[in-house]
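Have a look at the structure below, then the notes.
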There are 2 protein chains.
Amino acid sequence: MDAHKKYTNECEAPAICKACEARHGGICATLTATQLVELNKHSNRRKVEAGNEVIGQGENVGAYSNILKGVVKLSKMMADGRQQIVGLQFAPDFLGRPFLSESSISAEAATETEICSFPRPIIERLVGESADLERKLHSQSLKELDEARDWMLTLGRKTAQEKVASFLYLIATHIDPERTSGNSSTFDLPLSRADIADFLGLTIETVSRQMTKLRKEGTIVIENNRHVIVPDTRRLRHAAGND
Amino acid sequence: MDAHKKYTNECEAPAICKACEARHGGICATLTATQLVELNKHSNRRKVEAGNEVIGQGENVGAYSNILKGVVKLSKMMADGRQQIVGLQFAPDFLGRPFLSESSISAEAATETEICSFPRPIIERLVGESADLERKLHSQSLKELDEARDWMLTLGRKTAQEKVASFLYLIATHIDPERTSGNSSTFDLPLSRADIADFLGLTIETVSRQMTKLRKEGTIVIENNRHVIVPDTRRLRHAAGND
DNA sequence: CGAAGGGTTGAAGTCAGTCAAATAATGTGG
DNA sequence: CCACATTATTTGACTGACTTCAACCCTTCG
């Protein structure tokens, strides 16, 4: 069987990659079929439950990954336990540098997540071969930098009300909307109130109060704590102080 | 004269570059002599006074620059005027993407500054030619990302006291120290109280009060408002909540 | 000398934090 | 499927850190 696999130079992409959700979104989009085959030999696709660290044990320490499904939170912690979420990564983002020695960032699945990870050395070799790949990684870094700086404005200068609205607006615009028609949007929050507080530099109580306020104003509708309906995203955007 | 300039392939670096402070620190370090000559034809070296935007008027809009001397602040502003400084760049950093359409960031000289700027198209062509250059730009982006995330923790989770100490510690470790021996450090603040407040997400009054407090505790000594002496940087680091 | 800008200090107000308790959602064993 | 235990979220009363508003000080510069 597999009679068509005799050539190695211009081979086809592995079947598993062809069916991959991130095939055209993640870093894999920049690779040739040959490189995909190579990468695929060492890749490891797996599920990560909400609340678990994305850093693989043993062999996978220091790996790079594609997020195929779910939301990953990147956070920093102070010696005394105070915590700050410094970034959220949505599928099909690439999860790279973070859990490298560098800065003390931890990556944890916020929701049930699926990732495809690759050993660091392989990626680094491919980066040397492919300018497109380096470009892709570079541009993701720049995107993350822009997002981080946007969030600095939120953390430093917005009120609690605006912070919570900013968060909801961020989610509304980044999550695969369960339903989006024109100006309205519906989704499940990927983060608990505690996580939201850590993302906004607030306490859970304040987050809760501001959500209640937004609900009573009619800016949002909440069902079962996690499910949110935004009837008018422009109104939410305005509440976030974005204009 | 200039008899030795007959070859064009393996020419020497331009004299002005050889004498340049950033020759080995900025992006220029990754370029070949030939590329330097090319780049030099279009480069524009100039001084920028404190308080002026670094964006060149007219021809230079959308340029990339090397910072040769001084400190540049990157800031974002909300519609109602609230402002947040999202990054400081010290010589010999590269000042790149910021004043590109993208995110509404403005770059302004905090102190008297000297920059060497290049038209965007030239840089972009060189990036295509030199993987080293792309790598260099990429790694600066990652550095800025790390710094931004560190600062998010400061903005979101630290007290006013810790924020001010964090700022002083940042300056103490980034500025060419006028005098550094062992654990002590002496320097001039590159930012006014108003700028410091915008960097820390505080008001000038709070910044002033916390500086006074740190002074009375003996953690720092202040002379003429701008001149600061840190007798023991470990103590300052501790006041910043970094351990 | 007087005006102007940057910085400090004080008094009063407010927004978000803290502490505590109630309520809702989720899970577990019988 | 129910009673119970456990956790997540909301709500309330109170406190406190930081802001706001206002006056004052100090240096600089015309």
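Residue numbers begin at 1 in each chain, while the letters A, B, ... track the order of the sequences. None of these values were measured; they are calculated from a predicted model.
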Residues, nucleotides or ligands: over 12 heavy atoms within 6.0 Å of B:R234 CZ: no
Parallel, tilted or perpendicular: ring planes of A:F199 versus A:W151, cut at 30 and 60 degrees: parallel
A:E114 with A:R45: basic N within carboxylate O range, under 4.0 Å: yes
Comparing A:R157 and A:R193 on DNA chain D - which has the more 5′ nearest nucleotide: A:R193
Euclidean distance, atom CD1 of residue A:I204 to atom P of D:dA8 [Å, nearest integer]: 9 Å
Closest listed nucleotide, where the reference is the side chain of B:L202 and the choices are C:dT18, D:dT19, D:dT9: D:dT19
Sugar-phosphate, base or nothing in reach of B:T206, heavy atoms under 4.0 Å: base
Nearest-neighbour nucleotide for the B:T212 side chain, D:dC18, C:dT8, D:dT10 considered: C:dT8
Pair A:T113-A:K47, side-chain donor/acceptor within less than 3.5 Å: no
Nucleotide D:dT10, atom P - distance to CG of A:L189 in whole Å: 10 Å
Contact nearer the 5' end of DNA chain C, comparing B:M211 with A:A160: B:M211
Ion pair B:R157/A:D198, N-O distance below 4.0 Å: yes
A:T203 side chain near C:dG17 phosphate (N/O to OP1/OP2, under 4.0 Å): yes
B:E205, nearest nucleotide to its side chain (from C:dG7, D:dT10, C:dT9): C:dT9
Spacing of A:K163 atom NZ relative to C:dG17 atom P, expressed in whole Å: 7 Å
Atom-pair distance (CG on B:L200; P on D:dA17), nearest Å: 18 Å
D:dT9 OP1/OP2 closer than 4.0 Å to side-chain N/O of A:R209: no
Residue closer to the 5' end of DNA chain C, A:Q210 versus A:N224 (nearest nucleotide): A:Q210
Spacing of A:Q161 atom CD relative to C:dA16 atom P, expressed in whole Å: 9 Å
Nucleotide D:dA8, atom C1' - distance to CG of A:D195 in whole Å: 12 Å
Interatomic distance where CD1 belongs to A:I222 and P belongs to C:dA25 [whole Å]: 12 Å
Rounded interatomic separation in angstrom, taking CG from B:D188 and P from C:dG7: 13 Å
Phosphate OP1/OP2 of D:dA17: any B:T159 side-chain N/O under 4.0 Å: no
